[in-house]
*Asks:* 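After the structure tokens below, expect a handful of questions from me.
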Amino acid sequence: MSYDYNAIEKKWQAYWAKNETFKADGNSKKEKYYVLDMFPYPSGAGLHVGHPLGYIASDIYARYKRHKGFNVLHPQGYDSFGLPAEQYAIQTGQHPAITTKDNIARYREQLDKIGFSFDWSKEVRTSDPAYYKWTQWIFIQLFNSWYDIDADKARDIKELEAIFASEGNATINAVCDEDVKEFSAADWNGFSSKEQQQELLKYRLTYLAETEVNWCPQLGTVLANDEIVNGVSERGGYPVIRKKMTQWSMRISAYAERLLQGLETIDWTDSLKESQRNWIGKSVGASVTFDIKGYNDKIEVFTTRPDTIFGATFMTLAPEHDLVAKITTAEQKEAVDTYVEATAKRSERERMADVKTISGVFTGAYAEHPFTKEPVPIWIGDYVLAGYGTGAVMAVPCGDQRDYDFAKHFDIPIKNIFEGIDISEEAFADKEKTVIANSDFLNGLNYKKATKTAIYELEKLGQGQGKTNYRLRDAVFSRQRYWGEPFPVYYVDGMPQMIDATHLPVELPEVEKYLPTETGEPPLGRADVWAWDAVNNKVVPNDKIDDTTIFPLELNTMPGWAGSSWYLFRYMDAGNEEAFASEEALQYWQNVDLYIGGSEHATGHLLYARFWTKFLHDKGSLPVDEPFKKLINQGMILGTSAIVYRVSGTDNYVSKGLKDSYETEELRVDVSLINSADELDIEGLKKWQPQFKDANFELEDRKYIVGREVEKMSKRWYNVVNPDDICNDYGADTLRLYEMFLGPLEQAKPWNTAGITGVHSFLKKMWKLYHNEEVFAVTDTEPTKDSLKTLHKTIKKVEEDIENFSFNTSVSTFMIAVNELTAQKCTARAILEPLAVLISPYAPHIAEELWQKLGNNESVATAGFPVFEEKHLVESTKQYPISFNGKMRFTMELSLDLSKDEIEAAVMAHEKTQQQLAGRTPKKVIIVPGKIVNLVG
RNA sequence: GCUGAAGUGGUGGAAUUGGUAGACACGUUGGACUUAAAAUCCAAUGUCCAUUAGGACGUACGGGUUCAAGUCCCGUCUUCAGUACCA
């Protein structure tokens, strides 16, 4: 009976599905463990071999935890809203829902082939109305909340209204828009309803605001900062420009400090935490206000170095700063206008690329130094960014290199305020070595003391205070797209109103085309039935809008990260129609114990999910305030593209070794046409694409050798390797083992099938171990000492490997074990039964088959993990290497039963030792447990 | 520039706490079986010297600590990833 992986895998996949082997029990007495993968976007291209890498790792861990007696939740679903399905709809007219459904079916089929232990009864799809009902519900919760800084949590907006009505807003310490004006209770009560709504909007955790956004004309939508890579859109690579639009925003900045602090409580990699820290970008310093000479206005700046305030010899405003137009003098007006216009024309990208060039213009206006009262010239310069801090800086050229360069370039005086430091060549920015001079009351103080004193004095003057600034910006939440969650929002007199939560979901309307309208409205502007009947609480045709009972609905949809920010909680209780998950389920499952996914989500999804979790925790909807306790980033599996060389202007292709003799261009061809020796299947290529049909090929050694290039696996490079082919040729167990064997989980690595035969033949050897020729040959004989040693060595190593996520080395461990047991001619059940359990997380199908043949009725998944016993590893004697002063090295055999003193005595008495140590008697013998005996002379 | 990770045979990669570097696999070479091929099995395989016995060198480079360093410390170089006029 040979190892028929196809039949075995089919059989057990069907068995698992039928018996719901991996269904997680919601109210178990067992300890819970929640293992989650980042759910995939179901793209039309299907899965490639890179996708399953993380899934296999999490599956191994989930299966291992089940063996260890945990109640494991290991679900899977789809992040099924997104741009590609919409783009496809624009091109073909096919509804994105249909595309998405087809793609999901394909994904499911591919996933099933690999034998994952997912609990499919808890599947979620973000585009399912039963799911996005709750995404909309969370949005409403955010709208109805404000952030109380004193309580350091989100509170109900009704409580804020009550305070406004009784005390006004003077006592409120909230995270809100910057243009909030103070009002009394009387003012508030005198406001019209619309005015009140406008004020409240400035406090809500999701709010409408005119914001400068990243507009991508080609995609017809706005993009979040993390959707832009190098100034072009992440998807498609189109240019992005700045544009002002009214958009929904999420007040994530309210959570900046908690998002930062929370990192201390979770087990993520340092690099990932570091990216989030950088993204949040906390800097501690002071805000300082400068009076403008001749105007009533003030300029507020943020600085991390208030200690250097006496070195401020000028100020710089961002060209977009509101005050620029106002304070520019008549003489400077032309120069300033030209400069501002030129800056506005330059794209963000150009501005970034061109860091070296120093540019700026003097406004003609002066501010007044808060302490010296001396005039400080006000300049504008594009090195100051409108989007950070207040868009204005106090320039201290002696302490900041950019200010220094700017001052040198425009011949602005540089004042040295550092004791004993030469600043004739460059600025001095070392805080630790700072001693302040030339600065009135700060003279002689170090950085820390000077900072404190400066802030104290500024506060006394009423011209500043200590301040912490965050780089983290509020997140724009509107997208001008069709295929996303509709907002549960309609507009009365221009003010947004939430649809009552009992009438959710508000389902996506039908449109005849998926493009923006001719007037520039989002695609939902094309819907005929997209108005809200506020009396009967339902969606009705647009032509009924009367603005008294029937109102227009929001035309934007939510961004991709809306649905993915909370999906982990939906899995806990996926079918629930009364709540996003029941209280019991949330209590029991808490949060994700192990999360595996790509590092590309470091500052997007992973930050937003933490934000929503903290918010829902504040509102009492969640018992936890972090979503993912432990996170592992799997490395990307890269493709190896194949390149042919076409002689320019001809239809001739030359082999790689000959290309240098010609002028050639590189074309990528499908990797399936290449064999393991980089040799091209020329006939196959001719059939692959018509452009190669009549091509000529110049060979070397009668072969056409292609060039190889390691790059991201992508359809456009024709380097995608499909897991189905591997499953057909070698089986899912081989694929699983091989993907793990490729290298460390977290490392990026190119896909190559060179070593796959080694893994495959291991499985065949494993199979043979349980069979003698054609028959199953496990016996009840007593295991030998050697076999017991092999088994327990393997248990120990595999357990350690899984706990450390070093899945690659356990594959080697299995290979060694099988080789040893084969050599020992081991047939003992006492060895082979636990071995099947050990390997079942990695190669579950073969394990199930062997398990069943061993006479077990239940799935191997329910078996307990073998217990490691140290005693089987202990040997009676062991070879010890002995070194002396690093010069001599020899081995001696020692009994382990001896005490430390006895070993020392034995070493000293050892004949060889004495010979070699002649004349150099060691004073001490150091016994390092288990390894080496050292003689120290 | 900054932050993070890494650098080990022909290749992918092992090496627990500082304790026999190169496990395991691929590839290569030789052999067995076979009419032949595939499959399978066996042996060799870091470099150099040596017929052998054996020896020397060897974990990017240069130093250091230690009886002992791939591992720890200092400096240099290189690669990858993220990020950037962040005041």
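All values derive from a computational prediction rather than experimental measurement. Just so it is clear: chains get the letters A, B, ... in the order the sequence lines come, proteins before strands, and each one is counted from 1.
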*Asks:* Say you pick atom P in B:G18 and the same atom in B:C74; how far apart are they, in whole Å?
*Replies:* 16 Å
*Asks:* With sugar-phosphate meaning primed atoms plus P, OP1 and OP2, does A:N469 contact a base, only sugar-phosphate, or nothing at under 4.0 Å between heavy atoms?
*Replies:*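 If one applies the 4.0 Å heavy-atom cut-off, A:N469 turns out to touch nothing in the nucleic acid.
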*Asks:* Write down the partner of B:U51 under the Watson-Crick or G-U wobble criteria, each distance required to be under 3.5 Å.
*Replies:* none
*Asks:* Could you measure between the two P atoms, the one in B:G58 and the one in B:G22, and give it in whole Å?
*Replies:* 16 Å
*Asks:* B:A14, OP1 or OP2 - any side-chain N/O from A:N808 closer than 4.0 Å?
*Replies:* yes
*Asks:* Output yes when a side-chain donor or acceptor of A:K768 lies under 3.5 Å from a complementary backbone atom of A:Y3, and no otherwise.
*Replies:*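 Absent.
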*Asks:* Mind checking if A:K797 touches a base, just sugar-phosphate, or nothing, with heavy atoms under 4.0 Å?
*Replies:*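 Result for A:K797 = nothing.
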*Asks:* Say whether, by atom type as modelled, one donor and one acceptor occur between the side chain of A:H792 and the main chain of A:E869 under 3.5 angstrom.
*Replies:* yes
*Asks:* Suppose we define a pair by two distances each less than 3.5 Å, Watson-Crick or G-U wobble; what does B:G22 pair with here?
*Replies:*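 Pair assignment: B:G22 / none.
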*Asks:* When you get a sec, tell me which of B:G13, B:A87, B:A23 is the closest nucleotide to the side chain of A:Q747?
*Replies:* B:G13
*Asks:* Can you confirm if the aromatic rings of A:F741 and A:F807 lie within a centre distance of less than 6.0 Å?
*Replies:* no
*Asks:* Measuring from the side chain of A:L385 (C-beta onward, heavy atoms only), which nucleotide among B:U3, B:G4, B:C86 has the closest atom?
*Replies:*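 Among the listed nucleotides, the one closest to the side chain of A:L385 is B:C86.
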*Asks:* Do we get A:R610 above A:W561's six-membered ring, with its NZ or CZ under 6.0 Å from the centre and within 45° of the axis?
*Replies:*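 Not flagged: A:R610 not positioned over aromatic ring of A:W561.
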*Asks:* Rounding to an integer number of angstrom, what distance separates B:C48 and B:A69 when you compare their C1' atoms?
*Replies:* 24 Å
*Asks:* Is there a donor-acceptor pair closer than 3.5 Å between any side-chain N or O of A:K793 and the backbone N or O of A:A817?
*Replies:*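 Checked: no pair found.
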*Asks:* Which nucleotide sits closest to the side chain of A:F741: B:A14, B:A87, B:G12?
*Replies:* B:G12
*Asks:* Take the protein atom CG of A:N278 and the nucleotide atom C1' of B:U83, then report the distance between them rounded to whole Å.
*Replies:* 7 Å
*Asks:* Give none if B:A36 has no partner; otherwise give the nucleotide forming a Watson-Crick or G-U wobble pair with it, both distances under 3.5 Å.
*Replies:* none
*Asks:* Nearest whole Å is fine: how far is B:U16 C1' from A:K796 NZ?
*Replies:*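 In whole Å, B:U16 C1' lies 8 Å from A:K796 NZ.
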*Asks:* Closest approach to the side chain of A:V384, judged atom by atom: which nucleotide of B:C26, B:A87, B:C24 is it?
*Replies:* B:A87
*Asks:* For A:V396, is there any backbone N or O sitting under 3.5 Å from a side-chain donor or acceptor partner on A:D400?
*Replies:*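 No; judged by distance alone, with no hydrogens or angles, the pair does not exist.
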*Asks:* Among B:A87, B:A25, B:G4, which nucleotide has an atom closest to any side-chain atom of A:D400?
*Replies:*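 Between B:A87, B:A25, B:G4, the one nearest the side chain of A:D400 would be B:A87.
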*Asks:* Quote, to the nearest angstrom, the P distance that separates B:G9 from B:A32.
*Replies:* 34 Å
*Asks:* Quick check on B:G75: syn or anti? Syn means the glycosidic torsion is within 90 degrees of zero.
*Replies:* anti
*Asks:* In this structure, which one of A:V759, A:I756, A:L763 forms a side-chain contact (heavy atoms from CB on, under 4.5 Å) with A:Y730?
*Replies:*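 It is A:I756, the one option of A:V759, A:I756, A:L763 that forms the side-chain contact (heavy atoms from CB on, under 4.5 Å) with A:Y730.
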*Asks:* Heavy atoms from C-beta onward define the side chain here; which of B:A84, B:A14, B:A25 lies closest to that of A:T809?
*Replies:* B:A14
*Asks:* On a whole-Å scale, what distance lies between the P atoms belonging to B:G10 and B:U45?
*Replies:* 15 Å
*Asks:* Quick check on B:A14: is either OP1 or OP2 less than 4.0 Å from any side-chain nitrogen or oxygen of A:N804?
*Replies:* no
*Asks:* Taking the side chain of A:R402 as heavy atoms from C-beta outward, which of B:U40, B:C86, B:G4 is closest to it?
*Replies:* B:C86
*Asks:* What is the distance, rounded to the nearest whole Å, between atom OH of A:Y738 and atom C1' of B:G13?
*Replies:*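 That distance rounds to 11 Å.
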*Asks:* Nearest whole angstrom, please: distance from the P of B:G22 to the CD1 of A:I816.
*Replies:* 13 Å
*Asks:* Given B:C85, B:G13, B:U40, which nucleotide is nearest the side-chain atoms of A:K764?
*Replies:*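 Nearest to the side-chain atoms of A:K764, counting from C-beta on, is B:U40.
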*Asks:* Between B:C26 and B:C41, how many Å separate the two P atoms, rounded to a whole number?
*Replies:*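 Here B:C26 and B:C41 have their P atoms 10 Å from each other.
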*Asks:* From the list B:G82, B:G13, B:C41, which nucleotide is the closest neighbour of the side chain of A:S275?
*Replies:*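 The listed nucleotide nearest to A:S275's side chain is B:G82.
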*Asks:* Rounded to whole Å, please give me the gap between CH2 in A:W279 and P in B:G4.
*Replies:* 19 Å
*Asks:* Nearest-Å distance, CG (A:D801) to C1' (B:A15)?
*Replies:*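 Computing the A:D801:CG to B:A15:C1' distance gives 12 Å.
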*Asks:* What integer distance in Å separates A:N819:CG from B:A25:P?
*Replies:*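 From A:N819 CG to B:A25 P: 6 Å.
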*Asks:* Given the C1' atoms of B:C49 and B:U76, what is the spacing between them in whole Å?
*Replies:*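 So the two C1' atoms sit 33 Å from each other.
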*Asks:* Nearest-Å distance, OH (A:Y404) to C1' (B:C85)?
*Replies:*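 So the OH-C1' distance, A:Y404 to B:C85, works out to 18 Å.
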*Asks:* Given the P atoms of B:A15 and B:U20, what is the spacing between them in whole Å?
*Replies:* 14 Å
*Asks:* Between A:S806 and A:V393, just flag the one whose closest nucleotide in RNA chain B comes earlier from the 5' side.
*Replies:* A:S806
*Asks:* Salt-bridged, A:E274 to A:R277, with N to O below 4.0 Å?
*Replies:* yes
*Asks:* Paired with B:A69 by Watson-Crick or G-U wobble geometry, both distances under 3.5 Å: which nucleotide is it?
*Replies:*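 Across all strands, not a single nucleotide pairs with B:A69.
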*Asks:* Between B:C24, B:A84, B:G13, spot the one nearest the side chain of A:S812, thanks.
*Replies:* B:C24
*Asks:* For B:C41, give its Watson-Crick or G-U wobble partner with both distances under 3.5 Å, or none.
*Replies:*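 When the pairing criteria are applied, B:G31 turns out to be the nucleotide that pairs with B:C41.
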*Asks:* Which base, if any, makes a Watson-Crick or G-U wobble pair with B:U76, both distances under 3.5 Å?
*Replies:* B:A60
*Asks:* Classify the nucleic acid contact of A:P750 as base, sugar-phosphate or nothing, counting any heavy atom under 4.0 Å across all strands shown.
*Replies:*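 Nothing, no nucleic acid heavy atom in range.
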*Asks:* Does B:A81 have a Watson-Crick or wobble partner in any strand here, with both distances under 3.5 angstrom, and which is it?
*Replies:* B:U3
